[in-house]
There are 2 protein chains.
Amino acid sequence: MKVTINDVARLAGVSMKTVSRVINKEPSVRKKTYDTVMNAVKELNYQPNLAARNLAGTSSFTVGLVYDNPNAYYVIDMQNGVLSRCKDEGYELVIHPCSYTDPNMEADLITMIKRSRLAGLVLTPPLSEQSSITNLLDELNIHYVRVLAGRPSDDDQGSCIYVNDYKAAYEITTHLLTHGHENIGFICGDKEHKSTSERLEGYKAALADHHKEFDKRFIYDGKYSFESGVEGAKNLLADNNTLAITAILGGNDEMAAGALFASRLMGIAIPEQLSITGFEDSPFSRQTWPKLTTAHQANDVISQHAARLLFTKTRGARNQDKDIITSFTPSIVIRESSGPKQ
Amino acid sequence: MKVTINDVARLAGVSMKTVSRVINKEPSVRKKTYDTVMNAVKELNYQPNLAARNLAGTSSFTVGLVYDNPNAYYVIDMQNGVLSRCKDEGYELVIHPCSYTDPNMEADLITMIKRSRLAGLVLTPPLSEQSSITNLLDELNIHYVRVLAGRPSDDDQGSCIYVNDYKAAYEITTHLLTHGHENIGFICGDKEHKSTSERLEGYKAALADHHKEFDKRFIYDGKYSFESGVEGAKNLLADNNTLAITAILGGNDEMAAGALFASRLMGIAIPEQLSITGFEDSPFSRQTWPKLTTAHQANDVISQHAARLLFTKTRGARNQDKDIITSFTPSIVIRESSGPKQ
DNA sequence: TAGCTTATTGACAGCGTTGTCATTCTAACT
DNA sequence: AGTTAGAATGACAACGCTGTCAATAAGCTA
């Protein structure tokens, strides 16, 4: 019923240590021995016991995914990406949702790390931006990889995956500018998120390159929520649109959907009277009416790379994948919610 | 740095076995001893090592969550619910997304179970409905709890959590009927899902109780996807609405949102010309315009109960929580997408 | 072919817990 | 006080694997 490394060793006619070497892909195992062992593994359908490996080995086969993100689509994507790599490499994933406003957050994190002696962690925004967490992990000597909004080469120590929101926002703003829009509103996300400032900077840069002055009356501080998108649009378009706004850039799809909702309430036609764009390309950017122009962020791919990067860190020098992409730029997807200024 | 059971034992002046008894809440430990040990645990901030417990013990401290569901909101809710119970009980959660169309699904499942020697599994729909899976688990002697669409007392062996979609659909249909709607369309979900037939039965029962004949021309077979909701509405309202439909019941929120989208394209005013209702109360039922009338399903609560039920099964007779609710009926939430017939 | 170096393999301890079973207490009886 | 049942505790092996280090086999040089 339960197959152990000893059963495999017996069948293959080698010591259990040799079997261990084979399943860990250690060097200096003769090809022929390797094959014999692998055949035995397959014949018995052997699966190494994770608990035993974690207990005996110096490095564990468990990684953690830490997130504080209300966006279910985002979390699922990240999770699936990391998970798919874990499956390939025989790792196990422990997920750890948390809230950075929770005073117990760090204690909880430590508890988890201790309980499952983790090989490493993948940190997603906005937690990946908090130095209190990275400091803590450095102190505990835990490997981690951060997924971050930002432009590469900041203070990277080779453990970051960057999502270039700056560039994406630049492009989406440019898209609107080249369609004749002059007065473009921007609904920002949480001030605390790096992505917010990166996206705003991209917007500003595009304006500058088109010789338009930045005007903070066009900016609304939202919260990355649908509701704040509603508020944002109402605010920007207040008093019968005194600002003469013809396009609104949502800091994410939810806020853009909120802006759409608000426009609908105000009887504004999209995209005829107002262009609206989102950010992230989450599923519901395709489920609004009209569908949202947005910037596609390949979260599943990003998280896969994050996991790979973590694995190479964990395993030290050997197995250095050098083809891990560590910088991603969301690509804009043009749908029906944006169009030329009329 | 790393605190083990021995450190606690030494500090408390007892054997490590006694510490083990304390942290496992075993009987026959003197109150005084218990307190001494607990103080030592707290002082050292001791966390039992999960790998060691899983390896040494007869039952493991790891449970799995298996799902095949494209709905991110649903998955996250289930996950969070199970996770919150796990945290309380010191268990670890391993998630296992899979696809029932994948020929390797069962092999993958077995691999996971072997790798992490699971204490038990929580199965969510539609996988919870597949006898191939439950048979497999029975064979492997793995505990499991199923979350199911259905009415209690079917073939329950005390390991099911029921979601009474029948009743909820009955109520939502009644809501429409009492508002004067006579011709009510129904966009079904996947045929393979139990929830689809349960919801349809509820719809039929409500019609019957209002002395209305069931007419299958009012039924559209969808796929629980936004797109199929669009198609469903187009179909039901075809030829300038020859069926004179004034209300459409979406099998879930996504399809209802799709129907809303399609209505918009056809220039139909919601809810003035057509009432639309959803099912599940997922976040985007609040992000459509107008917001969807729907049936609220407390997935986080449901999954918490599923986890609790699993724990009591795992731990055998002791710790029998008798207050675990095993049947839930979604409650209808009336919003702006439905109204009286005009 | 002997002699040496290096590649390959194996024996055994130990990872941090729990299960088993033996031992020592405690308290309630004669 | 002397028994004794039963409660409370402890000693030690075992869980399935990996790390260390020693042993053997293979390959190379002269």
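Everything quoted here is computed from the prediction, not taken from an experiment. These numbers come from the heavy atoms of this one structure, side chains and all, not from hydrogens, waters or symmetry mates. All chains are named by letter (A, B, ...) in the order of the sequence lines, taking the proteins before the strands, and each is independently numbered beginning at 1.
- For the segment residues 39-55 of chain B, residues with any heavy atom less than 4.0 angstrom from an atom of DNA chain C are, sorted by number, B/Tyr46, B/Gln47, B/Pro48, B/Asn49, B/Ala52, B/Arg53.
- The closest donor-acceptor contact from the side chain of B/Asn164 to the backbone of B/Phe328 lies at 3.5 Å or more, if one exists at all.
- With a 4.5 Å cut-off on side-chain heavy atoms, A/Gln79 and B/Gln79 count as touching.
- Remark: side-chain polar atoms of B/Thr4 are paired, donor with acceptor, to backbone N or O of B/Asn6 under 3.5 angstrom.
- When rounded to the nearest whole Å, the span between NZ of B/Lys2 and P of C/dC15 equals 9 Å.
- Nucleic acid contact class of A/Lys32 (heavy atoms, under 4.0 Å, all strands): none.
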If you apply the rule salt bridge (charged side-chain N to carboxylate O under 4.0 Å, His left out), what do you find for A/Asp7 with A/Arg10, and how did you get there? CA-CA 5 Å; A/Asp7 300 320; A/Arg10 208 170 306 122; 3.3 Å; yes
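- For the pair B/Ser20 and B/Ile5, the tightest heavy-atom approach, listed with the atom from each and the gap, is N-CD1, 3.7 Å.
- Contacts between residues 3-20 of chain B and DNA chain D, defined by a heavy-atom separation below 4.0 Å, involve B/Val14, B/Ser15, B/Met16, B/Lys17, B/Thr18, listed by number.
- Counting 5' to 3', DNA chain D first comes under 4.0 angstrom of a heavy atom of chain B and last does so at the ends given by D/dA8 to D/dG16.
- Between the side chains of A/Asn54 and A/Thr62, at least one donor N or O lies within less than 3.5 Å of an accepting N or O.
- When the C1' atoms of four end pairs are superposed on the next four at each end of the helix from C/dT1-D/dA30 to C/dT30-D/dA1, using five pairs per end, the two resulting axes differ in direction by 40°, to 10°.
- A 4.5 Å side-chain heavy-atom check between B/Val63 and B/Leu118 finds every atom pair outside the cut-off.
- Using bins of under 30°, 30° to 60° and over 60° for the plane-to-plane angle, the ring pair A/Phe61/A/Tyr91 lands in the tilted bin.
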What nitrogen or oxygen pairs link the protein and nucleotides 4-8 of chain C at under 3.5 Å?
{"unit_1": "C/dT8", "atom_1": "O3'", "unit_2": "A/Arg30", "atom_2": "NH2", "d": "3.4"}

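- Here the side chain of A/Ser60 pairs a donor or acceptor atom with the backbone of A/Arg117 at under 3.5 angstrom.
- Checking each of A/Val163, A/Ile325, A/Thr124, A/Thr326 against A/Ile302 for a side chain to side chain contact (heavy atoms under 4.5 Å, CB included) leaves exactly one that passes, namely A/Val163.
- Considering CD of B/Gln304 and CG of B/Asn299, their distance stands at 11.5 Å, rounded to 0.5 Å.
- Side-chain atoms of B/Asp138 and B/Tyr144 form a donor-acceptor pair, as typed in the model, at a separation below 3.5 Å.
- Two residues are said to be in side-chain contact when any heavy atoms from C-beta on lie closer than 4.5 Å; B/Leu65 and B/Leu121 fail this criterion.
- Of the possible donor and acceptor atoms, none in the side chain of B/Lys87 sits under 3.5 Å from a partner among the backbone N and O of A/Asp108.
- Qualifying side chain to side chain contact (heavy atoms under 4.5 Å, CB included) partners for A/Pro70, counting only residues two or more places apart in sequence or in other chains: none.
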